[in-house]
*Asks:* 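One structure, pasted below without further comment.
In what follows, chains are A, B, ... by sequence order, proteins preceding strands, each numbered from 1. In this text the structure is predicted, and so the values were computed from the model without any measurement.
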Amino acid sequence: MNNTDVADALSEIAELLELKDESSFRIRAYENASKAVSNLNEDVQALIERDELTSVKGIGKSIAERVEDLVAQGHTAYLDDLRAEFPAGVRELMRIPGVGPSLARRAYQELGVLNIEQLRAAAESGALAELPRFGEKSAENVIRALDRVRKRESRISLGKAMPVVEDLIAVLQECDAFQDLTAAGSLRRWAPTIGDIDLMATSSDPARAMEAFVGGPQVRQVLGQGLTKSSILTDNGLQVDLRIVEAEAFGSLVQHFTGSRDHNIELREYALARGLSLNEYGITSTETREIQAFSDEVSFYRALGLDYIPPELREAGGEIEAAGNGSLPTLVTVEDIRGDLHMHSDWSDGAASIDEMIQAAVDRGYEYVALTDHSTTIGFGNGLSAEQLVEQGKLLEEVRKAHPEIKILTGTELEIKRDGSLDFPDEVLASLDWVIASVHSGFNQTEEEMTRRVLMAIENPHVDAIGHPTGRLIGRREPYALDLEAVFRAAAKNHTALEINSFPDRLDLADRHARRARELGVMLTINTDAHAPVNFENIRYGVAMARRAWAEPSNVLNTRSFDELRKWLSRAAP
DNA sequence: GCCGTTTTCGGCCCGACTGTTTTCAGTCG
């Protein structure tokens, strides 16, 4: 079992303990241990071999034994026994919003419900409403929740949500009843997917502000309207909540609703150890019961003895400790990006001419840009042959004369073929300024095959970077099987950069992978993979992933000046 | 089941809302 398997097993134990109505503290212990394992930077096996498992915070003697079982035997009797008590379908019931462990357990034990279909039947037949402490309303809520699940109202991508919210905020700001107005929640943390949107505001005239909100142009349906909270559904099915609060408490409120849940839990534990209790209204001394309100987040964190923590870091990944000892990173920003090293023109599958793409890069104020059209064997048939690449290189000489304000690198997005060989021979690659190599086919290969394939590309001295290294398409395609730890180590050793692809569907490397790569000394590059001028706008999503990976400008290749970039490219072979 | 700037025992994040109740458990964010 690898770390992910162990973390999943611990998390399953926690869920089954919930079903058993075990002590909530024991449940949390397993949840915490699951998180601790998935955040490990090395194989849990190695920790066991060094006998250091219990030195991991959140793993004590008991859980260490279960983990050792899991790693050594692939299972643990403790989990096996729990599974025997509750069929898998019962655990699935808890995935339904509004259905928790209590309802799932009672539906199973008192009505024999084994899966979601049977729960619906029990709710519709009235059997559920018959149970003590349940009623008509409970049954109706279950049916409504099941309908919503059936309609698959799942999370939407950051790239879809962000423009909608920005438009909405721009419209609301035209109404002078709003003072402060900001998004909170997962959107403010730039999480890759978003559930619903929380807007926070202060207002001189809440009634008028709420009128403006529920009467906006893209409102499909008003779900609720009050003076402190209203909810709407937008045209594209996004639920947006607006909360209006007193200006004095705005800071702690925004902090509270920005989350993440895990960050807030850790922050409250940290505060409690110092005699302070936190809620959305401020900080309360547990001794004097006096509450202090905060109009901004900086002073809120400051009052806890912490540096301001950027929202992208609020994921319970060590940010509180770092904020306490002054070691938070200086995160990379969009302004730090000096060029884009991955873009396409209509020579391959882009929608715009080379000139249009270069002009768009100039308009963004970039110092340099790399043209990286696809190579021959890209599946859809319009990759460039070596001859076409030479021809394109000659054309670029002309383009450079027309655009002296930007440096243009001649490049390719090179196919890594199924056997790990590359589309162009070394002498062709050697003539290029920039080579980014990517996988676009054979996603079903085994982890061994795929890892060998990617490592071969990394080890080629002409390959400068690997594009969208895991191939994931959020919500549509899982990442292919790949030993990322081996990839990161090879990339660091061979001086090969790894891309954070800014396309909202990709965001690949993912934040936690990029963080691990950076820790192992891998150089990152944040690119848009632009296929049209408008795609350059996506750079902010890639930068956000880098920030969530705790990346500083020095960790990102394309924050360097053109001269520094060239210096990096002329690195000595390892 | 874990953990320690008050602790090796006695704590463990906080509040809002809902539905069922008549004082509170369950669920959510």
Side-chain angles (χ1 to χ4, degrees), chain A residues 10 13-14 16-37 53-67 78 93-107 128-142 144-145 155 184-189 191 194-198 200 223-224 226 228-229 231 239 241 243 245 249 252-284 286-287 291 304-305 314 316 320 324:
Chain A
L10 293 174
I13 289 174
L16 289 165
L17 291 175
E18 278 194 288
L19 278 175
K20 274 192 78 164
D21 201 17
E22 267 279 0
S23 145
S24 61
F25 304 115
R26 180 172 299 168
I27 293 163
R28 256 198 72 197
Y30 276 95
E31 285 171 354
N32 287 340
S34 170
K35 248 172 265 164
V37 169
L53 202 48
T54 52
S55 67
V56 177
K57 190 163 182 280
I59 300 183
K61 193 162 169 291
S62 300
I63 292 183
E65 280 174 25
R66 322 266 188 243
V67 171
Y78 188 67
L93 299 182
M94 293 195 288
R95 306 266 179 276
I96 302 161
V99 176
S102 170
L103 198 159
R105 174 177 59 252
R106 295 190 56 197
L128 193 65
E130 294 287 304
L131 291 180
R133 302 194 68 83
F134 283 110
E136 290 297 331
K137 285 266 182 72
S138 325
E140 281 170 27
N141 285 341
V142 166
R144 259 206 304 276
R155 299 172 71 86
S186 49
L187 189 86
R188 183 157 179 258
R189 301 196 314 276
I194 309 293
D196 48 22
I197 308 291
D198 292 306
M200 306 287 138
L223 301 172
T228 59
K229 183 187 169 187
S231 299
Q239 183 179 332
D241 298 346
R243 284 165 210 275
V245 292
S252 48
L253 183 92
V254 170
Q255 195 286 325
H256 175 82
F257 281 102
T258 295
S260 65
R261 181 177 170 274
D262 288 342
H263 172 82
N264 283 352
I265 287 174
E266 210 176 292
L267 194 65
R268 288 184 189 137
E269 284 170 350
Y270 173 91
L272 213 53
R274 286 154 184 80
L276 301 168
S277 174
L278 310 182
N279 61 28
E280 53 264 58
Y281 306 108
I283 301 179
T284 309
T286 48
E287 198 177 331
I291 184 163
L304 296 170
R314 299 182 197 169
I320 292 170

*Asks:* Check this one for me: any side-chain N or O of A:S277 less than 4.0 Å away from OP1 or OP2 of B:dC14?
*Replies:* yes
*Asks:* Check whether any side-chain N or O of A:R243 sits under 3.5 Å from a backbone N or O of A:D198 as a donor-acceptor pair, and report yes or no.
*Replies:*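 Side chain of A:R243 to backbone of A:D198: no pair is present.
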*Asks:* In whole Å, measure the gap between the P atoms of B:dT27 and B:dT20 for me.
*Replies:* 13 Å
*Asks:* On the ring face of A:Y30, is A:R26 found with NZ or CZ under 6.0 Å from the centre and within 45° of the axis?
*Replies:*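 No, A:R26 does not sit over the ring of A:Y30.
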*Asks:* Quote, to the nearest angstrom, the P distance that separates B:dC12 from B:dT5.
*Replies:* 16 Å
*Asks:* Considering only heavy atoms from C-beta outward, does the side chain of A:I59 approach that of A:V37 to under 4.5 Å?
*Replies:*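 A side-chain contact under 4.5 Å exists here.
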*Asks:* Backbone N or O of A:I291 within a donor-acceptor pair of the A:T284 side chain at under 3.5 Å?
*Replies:*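 No, because the side chain of A:T284 does not come within donor-acceptor range (under 3.5 Å) of the backbone of A:I291.
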*Asks:* Base, sugar-phosphate, or nothing for A:L278, non-hydrogen atoms under 4.0 angstrom?
*Replies:* sugar-phosphate
*Asks:* I need the residues from residues 19-33 of chain A with at least one non-hydrogen atom less than 4.0 Å from DNA chain B; give them sorted by number, or say none.
*Replies:*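 A:F25, A:R26, A:R28, A:A29, A:Y30 - these, ordered by number, are the residues of the stretch whose heavy atoms sit under 4.0 Å from the strand.
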*Asks:* Let's see if you can work this out: which of B:dC13, B:dG1, B:dG15 has an atom nearest to the side-chain heavy atoms of A:L272?
*Replies:*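 The nucleotide sitting nearest to the side chain is B:dC13.
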*Asks:* Identify the pairs formed between an N or O of the protein and an N or O of nucleotides 20-24 of chain B at a distance under 3.5 Å, and give each distance.
*Replies:*
from: B:dT20; atom 1: OP1; to: A:G135; atom 2: N; distance (Å): 2.6
from: B:dT20; atom 1: OP1; to: A:G135; atom 2: O; distance (Å): 3.2
from: B:dT20; atom 1: OP1; to: A:S138; atom 2: N; distance (Å): 3.3
from: B:dT20; atom 1: OP1; to: A:S138; atom 2: OG; distance (Å): 2.8

*Asks:* With C1' as the reference atom in both, quote the distance from B:dC3 to B:dT8 in angstrom, rounded to an integer.
*Replies:*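 Taking atom C1' in both B:dC3 and B:dT8, they lie 9 Å apart.
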*Asks:* Using Watson-Crick or G-U wobble geometry with both distances below 3.5 Å, tell me the partner of B:dG26, or none.
*Replies:*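 Base partner found: B:dC17.
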*Asks:* If you measure from the P atom in B:dT21 to the same atom in B:dG26, how many Å do you get, rounded?
*Replies:* 13 Å
*Asks:* From B:dG15, B:dT27, B:dG1, pick the nucleotide closest to the side chain of A:Y78?
*Replies:* B:dG1
*Asks:* Should the pair A:K61-A:E65 be classified as a salt bridge under the 4.0 Å nitrogen-to-oxygen rule?
*Replies:*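 The answer is yes: the pair qualifies as a salt bridge.
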*Asks:* Which value, in whole Å, describes the distance between the C1' atoms of nucleotides B:dC28 and B:dC13?
*Replies:*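 Between the two C1' atoms, the distance is 14 Å.
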*Asks:* With sequence neighbours excluded, what pairs up with A:E130 under the side-chain hydrogen bond (donor to acceptor under 3.5 Å, both in side chains) test?
*Replies:* none
*Asks:* Inspect the contact between A:E269 and A:R28 and indicate whether a charged nitrogen and a carboxylate oxygen are less than 4.0 angstrom apart.
*Replies:*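 Looking at A:E269 together with A:R28, the answer is yes, because their closest N to O distance falls below 4.0 Å.
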*Asks:* Out of A:L16, A:D21, A:L17, which one pairs with A:L19 under the side-chain contact (heavy atoms from CB on, under 4.5 Å) rule?
*Replies:*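 Passing option: A:L16.
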*Asks:* Verify the contact: side-chain N or O of A:R66 to OP1 or OP2 of B:dG1, cut-off strictly under 4.0 Å; return yes or no.
*Replies:* yes
*Asks:* Which value, in whole Å, describes the distance between the C1' atoms of nucleotides B:dT6 and B:dC14?
*Replies:* 22 Å
*Asks:* List for me each residue that meets side-chain hydrogen bond (donor to acceptor under 3.5 Å, both in side chains) alongside A:H256, sequence neighbours excluded, and say none if there are none.
*Replies:*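 In terms of side-chain hydrogen bond (donor to acceptor under 3.5 Å, both in side chains), with neighbours along the sequence ignored, A:H256 is linked to A:R268.
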*Asks:* Would you list the pairs meeting side chain to side chain donor-acceptor pair (under 3.5 Å) in which at least one residue belongs to residues 95-107 of chain A, sequence neighbours left out?
*Replies:* A:E15-A:R95, A:R106-A:E110
*Asks:* To the nearest Å, how far apart are A:E269 CD and B:dC2 P?
*Replies:*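 It is 15 Å, rounded to the nearest whole Å.
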*Asks:* Under a 4.0 Å heavy-atom cut-off, which of residues 257-266 of chain A touch DNA chain B?
*Replies:* A:R261, A:I265
*Asks:* Could you give the CG-to-P distance, from A:L304 to B:dC13, as a whole number of Å?
*Replies:*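 Spelled out: CG on A:L304 to P on B:dC13 is 16 Å.
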*Asks:* Can you check the A:I59 CD1 to B:dG1 C1' distance for me, whole Å?
*Replies:*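 One finds 12 Å between C1' of B:dG1 and CD1 of A:I59, rounded.
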*Asks:* Rounded to the nearest 0.5 Å, how far apart are CG of A:L272 and OG1 of A:T286?
*Replies:* 6.5 Å
*Asks:* Quick one: does any side-chain atom of A:S252 pair with a main-chain N or O of A:E280 as donor and acceptor, under 3.5 Å?
*Replies:*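 Confirmed, A:S252 side chain pairs with A:E280 backbone.
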*Asks:* Would you mind reading off the distance between A:L276 atom CG and B:dT5 atom C1', rounded to a whole angstrom?
*Replies:* 14 Å
*Asks:* Would one find a side-chain N or O of A:Y270 under 4.0 angstrom from OP1 or OP2 of B:dT5?
*Replies:*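 No.
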